[in-house]
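Data first, discussion second: the structure below is written as structure tokens.
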Number of protein chains: 2
Amino acid sequence: MTKISSQLLKGTLENAILMIIAQGETYGYALMQQLATAGFGPIPEGTVYPLLLKLQRNGLITAQRHASTTGPDRKYYQVTATGRAQVTAFLPEWEQLVAAMAALIQTQQG
Amino acid sequence: MTKISSQLLKGTLENAILMIIAQGETYGYALMQQLATAGFGPIPEGTVYPLLLKLQRNGLITAQRHASTTGPDRKYYQVTATGRAQVTAFLPEWEQLVAAMAALIQTQQG
DNA sequence: TTTTGATACATTGCTTTACAAAGTAGTGGG
DNA sequence: CCCACTACTTTGTAAAGCAATGTATCAAAA
């Protein structure tokens, strides 16, 4: 589970987070662990929390604060229709990039 | 052959360019067309030329100017050992990201 | 009881990267 | 002679990941 370069994550991370929240509502701290488990490596607080705030401002996710019996309040997020639409628009772009890279990599080894 | 978001290209484009030059020496203007043909969409001059200068400064590629009978001089590039080493280091990182995304995408459709 | 560590979130500023815009210059066709 | 295509450079901008720092809650250890 190596760390992925921050440049590589640009653009991808935002959509990865939207997809994880779409699996079921979650909060920032848990999301960081879910990202690590999913294979994105350790994503620091300084990345995740500002990103979530931005997504909320832009209407891609909604949030509610709920108390926790085991610690500070948690801010739970859900994906909006706009958020789902963005992911839908993102996926073919991602597939195109992956396909282009796969073809290039093939020529390097052959 | 849609245009890929600039954010998605970050980190990837540099290594894609190194891999294309590794296929055979080329120059900036031709490289732009090779990128388009390879499926990366249209990459503008303002991206390609500064990137090539940076790669040269960092010792990942070398360059020589040669005259052209059909237009201005061309600057031909070749990948150095350092450049090849960077690509080698990049590839597993890229594969990890692709794998993590593939798994996420799978859960979205299932 | 004090302190440590894990949990949980926000804010500020830095660095890197793709890109737009503008400029320079060579060649050839209408 | 002008225009389009070729070919490269330079300057400045926007966006994204992240380090650093601060705040605050709760539980276990000292």
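The analysis underlying the following values was restricted to heavy atoms, covering all of them including side chains, and did not include hydrogens, waters or symmetry mates. Keep in mind it's a predicted model, so treat the numbers as computed, not measured. Numbers restart at 1 for each chain; the letters A, B, ... are given by sequence-line order, proteins then strands.
- One finds a side-chain N or O of B:T47 lying less than 4.0 angstrom from the OP1 or OP2 phosphate oxygen of C:dC19.
- One can place CG of B:L31 at 10 Å from P of D:dC8, the figure rounded to the nearest angstrom.
- Nearest nucleotide to the side chain of A:I43, out of C:dA10, D:dC18, D:dC8: D:dC18.
- Atom-to-atom, CG of A:N58 to P of D:dA16 comes out at 9 Å; the value is rounded to the nearest Å.
- Contact annotation: B:K3 reaches the phosphate of C:dC19 (side-chain N/O to OP1 or OP2, under 4.0 Å).
- Taking every heavy atom of both residues into account, B:V87 and B:M19 meet most closely at CG1-CG, 3.8 Å.
- Within 4.0 Å of B:G46, counting heavy atoms only, lies at least one base atom of the nucleic acid.
- Closest approach to the B:Y77 side chain among D:dC18, D:dT9, D:dA7 is made by D:dT9 (side chain taken as heavy atoms from C-beta onward).
- Among D:dA7, C:dA8, D:dA16, the nucleotide with an atom closest to any side-chain atom of A:E14 is D:dA16.
- Judged by distance alone, with hydrogens and angles left aside, A:E45 brings a side-chain donor or acceptor within reach of the base of C:dC9, the pair sitting under 3.5 Å.
- Residue A:Y27 has a polar side-chain atom (N or O) positioned under 4.0 Å from OP1 or OP2 of C:dA8.
- In summary, the side chains of B:Q23 and B:Q34 do not present any donor paired with an acceptor at a separation below 3.5 Å, with no hydrogens or angles considered.
- Residue A:Y49 places none of its side-chain N or O atoms closer than 4.0 Å to OP1 or OP2 of C:dA10.
- For A:K10, no side-chain nitrogen or oxygen approaches OP1 or OP2 of C:dA18 to under 4.0 Å.
- Of the side-chain N and O atoms in B:R65, one or more sit less than 4.0 angstrom from OP1 or OP2 of D:dT9.
- With rounding to whole Å, A:Y29 atom OH is found 15 Å from C:dA10 atom P.
- Side-chain proximity of A:R74 to C:dA8, D:dG17, D:dA7: nearest is C:dA8.
- In terms of phosphate contacts, B:K54 brings no side-chain nitrogen or oxygen within less than 4.0 Å of OP1 or OP2 of C:dA18.
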(request) Could you check A:K54 against A:E14 for salt bridge (charged side-chain N to carboxylate O under 4.0 Å, His left out), going step by step and ending with a plain yes or no? (result) CA-CA 10 Å; A:K54 176 200 142 195; A:E14 172 173 326; 2.6 Å; yes
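- At the heavy-atom level, B:L13 lies under 4.0 Å from the strands shown only through sugar-phosphate atoms.
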